Amino acid sequence: MKILVTGGTGYIGSHTVVELIKSNHQVVIVDNLYNSNINVLDRIEKLTGVRPLFYQVDILDYENLEKVFKENAIEAVIHFAGLKAVGESVSIPLRYYENNISGSINLYKLMEKYHVYKLVFSSSATVYGDNFAVPFKEEYGLGDTTNPYGTTKKFNEIILTDLCKANENMSCVLLRYFNPIGSHESGMLGEVPNGIPNNLVPYIAKVASGELDHLRVYGDDYDTKDGTGIRDYIHVVDLAIAHVKAIEYCNKLEGVDVINIGSGKGYSVLEVLHAYEKACGHKLPYKIYPRRPGDIATCYADIEKAKRVLGFEVKYDIDKMCEDSYRFTIMNPEGIK
Ligand code: NAD
Ligand code: UFG
């Protein structure tokens, strides 16, 4: 299929583009490069032998986004483009609503206009909020989100559900990702956070490389095995493969379907830290800090539906996630420049 990938030079997008090309799909990328680098294209080409067509376009720019649809016979869309920093979304909510909702509506309008009816959307486990018991199941529906970022994901899910009701040709898969970490095993693609990372593994990576002196563990008094928060980590390459399966599933799907993408296993902050110590070969200092506002104790996925509907199961364990993250960190001290 000819697939438009918005946000295709970003962290999850770039890994997905590699897997799509490996599965013989043609890829057109749209990205405004706000949170990624043009050199990602060279790296995708080195890994696959194919350089995807690239448009530096902001999805808020309807006219230039329309050119992409006019110039290419797009058959399906995977929509990653979005802002994703939870804390920042609390400080500048309108920027998040504009980018993640208005930008997405531009895209959905153009899909209707150019009769492109297959879409995979990047949603998040954050839409479960703190309303439900683990493991989180798709049938729980949408919880109370705790920040504007999460609310943009929830609104997109609602918009796409309504669109599928209104247009019987439309097929949308809403993938609720749990915690993607790790990097391509070549060390050529990975996550490059701006400034001091908010997320656990990018932060640990900087402690492992000596850039930061210790990990701040946010809370050791949760009701969990060692008192620290538990999350469901998934290797980004496994997540990328899930997208290939999801876009192919759109060919037989009618309407909307919601699918969790995780490993189904929960690891504590300290377990992840110890796995990273094994990967980098030395001890990593940490200190206990108060709980981070908004965090929940435990979050992991019920993965039965992904297996049943997509035939998807993860291949990589927490050790491999940490090894690949560390390799990328060491090979790219300046990020992807
Ligand atoms: P990322 O920031 O690495 O990639 C997003 C890409 O979108 C970037 O390359 C950025 O430049 C681009 N972009 C942002 N706004 C744009 C706009 N208006 N027009 C065009 N391009 C734009 O993030 P990621 O981690 O790869 O996440 C991809 C998607 O998955 C996002 O929608 C994110 O919210 C969602 N998600 C991520 C996580 C995670 O932990 N990484 C978890 C759940 C969901
Ligand atoms: N943590 C620390 N120290 C840090 C960073 C995180 O102890 O420096 C802890 C957190 O308290 C939490 C765990 O590590 O217990 C994971 O935290 P992350 O920030 O890596 O991930 P979250 O689960 O909080 O959030 C992530 C994404 C969100 C997404 C959510 C659900 O950042 O965008 O997963 O998919 F919404």
Side-chain angles (χ1 to χ4, degrees), residues 5-16 29-38 40 55-61 64-65 78-87 89 95-96 98-100 102-104 106-107 121-129 136 145-147 149-150 152-153 156 175-181 190-194 196-204 206-207 212 214-220 222 224 228-234 236 239-240 243 260-262 266-270 272-273 286-299 301:
V5 180
T6 73
T9 45
Y11 171 50
I12 305 170
S14 58
H15 288 84
T16 301
I29 296 177
V30 162
D31 200 298
N32 64 358
L33 300 180
Y34 174 78
N35 197 35
S36 54
N37 190 285
I38 189 75
V40 164
Y55 289 83
Q56 186 173 351
V57 168
D58 194 308
I59 57 168
L60 286 166
D61 176 353
N64 278 313
L65 190 57
I78 304 182
H79 180 29
F80 294 104
L83 299 175
K84 63 164 184 176
V86 172
S89 79
R95 176 87 182 91
Y96 272 70
E98 181 183 45
N99 196 78
N100 293 5
S102 306
S104 297
N106 279 343
L107 176 70
F121 175 69
S122 297
S123 191
S124 164
T126 196
V127 301
Y128 290 110
F136 292 150
T145 47
T146 53
N147 55 73
Y149 164 74
T152 69
K153 293 296 174 193
N156 265 283
L175 294 183
R176 294 185 180 155
Y177 314 157
F178 282 67
N179 289 53
I181 60 166
E191 186 170 16
V192 187
N194 272 329
I196 297 187
N198 295 308
N199 297 118
L200 179 65
V201 169
Y203 199 106
I204 295 178
K206 286 194 186 283
V207 177
L212 293 170
H214 67 275
L215 172 69
R216 297 155 176 242
V217 175
Y218 295 133
D220 68 347
Y222 286 107
T224 60
T228 67
I230 290 188
R231 294 292 182 275
D232 180 337
Y233 297 93
I234 174 168
V236 66
L239 178 58
H243 285 81
N260 287 336
I261 303 293
Y267 288 95
S268 74
V269 173
L270 292 178
V272 176
L273 184 74
Y286 69 91
K287 289 184 189 159
I288 305 297
Y289 283 67
R291 291 180 179 192
R292 189 171 64 176
D295 274 355
I296 57 175
T298 304
C299 170

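Ligands are counted one by one from 1 in listed order, and the atoms in each one are counted from 1 as well. For reference, positions follow the sequence shown, starting with 1. Please read these numbers as outputs of a predicted model, since none were measured by experiment.
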Polar contact flag, side-chain donor to acceptor under 3.5 angstrom, Y128-N260
yes
Can you find an N/O atom of [X] closer than 3.5 Å to an N/O atom of ligand 2?
X: N199; value: yes
X: S124; value: yes
X: V86; value: no

With heavy atoms under 4.0 Å as the rule, classify the contact between [X] and ligand 2 as side chain, backbone, both or neither.
X: T126; result: both
X: I230; result: neither
X: R291; result: neither
X: Y128; result: neither
X: L200; result: both
X: N179; result: side chain

Show which atoms of ligand 1 fall inside a sub-4.0 Å distance from at least one heavy-atom site of [X].
X: Y34; value: 11 (O)
X: G10; value: 3 (O), 4 (O), 9 (O)
X: S122; value: 29 (C), 30 (O), 32 (O), 35 (C)
X: V57; value: 19 (N), 20 (C)
X: S124; value: 43 (C), 44 (C)
X: S123; value: 43 (C), 44 (C)
X: S36; value: 8 (C), 9 (O), 11 (O)
X: L33; value: 11 (O)

Any N or O of [X] that comes nearer than 3.5 Å to an N or O of ligand 1?
X: F80; answer: yes
X: I59; answer: yes
X: Y11; answer: yes

Using heavy atoms and a 4.0 Å limit, tell me yes or no: is Y289 in contact with ligand 2?
no
Does the residue Y233 have a heavy-atom contact with ligand 2, meaning some pair of atoms that are separated by less than 4.0 Å?
yes
Show which atoms of ligand 2 fall inside a sub-4.0 Å distance from at least one heavy-atom site of R216.
2 (C), 3 (N), 4 (C), 7 (O), 8 (O)
Does even one non-hydrogen atom of [X] get within less than 4.0 Å of ligand 1?
X: N199; result: no
X: A125; result: no
X: G103; result: no

Between [X] and [Y], what is the shortest heavy-atom contact and its length?
X: T6; Y: A81; result: OG1-N, 3.1 Å
X: T9; Y: I29; result: N-CG2, 4.0 Å
X: I59; Y: L65; result: O-CD2, 3.8 Å

Protein contact of [atom] - nearest heavy atom, named by residue and atom, plus distance:
atom: atom 22 (C) of ligand 1; answer: N32 OD1, 3.1 Å
atom: atom 2 (O) of ligand 1; answer: N35 ND2, 2.7 Å
atom: atom 17 (O) of ligand 2; answer: R292 NH2, 3.4 Å
atom: atom 23 (O) of ligand 2; answer: R231 NE, 2.7 Å
atom: atom 33 (C) of ligand 1; answer: Y149 OH, 3.7 Å
atom: atom 4 (C) of ligand 2; answer: Y218 CE1, 3.4 Å
atom: atom 5 (C) of ligand 2; answer: N198 O, 3.4 Å
atom: atom 27 (O) of ligand 1; answer: I12 CD1, 3.7 Å
atom: atom 5 (C) of ligand 1; answer: G82 O, 3.9 Å
atom: atom 9 (C) of ligand 2; answer: V269 CG2, 3.6 Å
atom: atom 25 (O) of ligand 1; answer: K84 NZ, 2.7 Å
atom: atom 11 (O) of ligand 2; answer: D295 OD2, 2.6 Å
atom: atom 39 (C) of ligand 1; answer: P180 CG, 3.6 Å
atom: atom 15 (N) of ligand 1; answer: N99 ND2, 3.2 Å
atom: atom 33 (O) of ligand 2; answer: Y149 CE2, 3.4 Å

Using heavy atoms and a threshold below 4.0 Å, how should the contact between [X] and ligand 1 be classified: side chain, backbone, both, or neither?
X: T6; result: neither
X: D31; result: both
X: K153; result: side chain

Check whether more than 12 heavy atoms from other residues, nucleotides or ligands sit under 6.0 Å from atom OH of Y55, and answer yes or no.
yes
Y34 and N99: side chain to side chain contact (heavy atoms under 4.5 Å, CB included), yes or no, with the steps?
CA-CA 11 Å; Y34 174 78; N99 196 78; over 6 Å; no
Measuring from atom CZ of F178 to atom OG1 of T126, what distance do you get when rounded to the nearest 0.5 angstrom?
10.0 Å
Check I78, N156, L107 against F121 for a side chain to side chain contact (heavy atoms under 4.5 Å, CB included) and give me the one that passes.
N156
Are H15 and F80, when compared by the centres of their aromatic rings, separated by less than 6.0 Å?
no
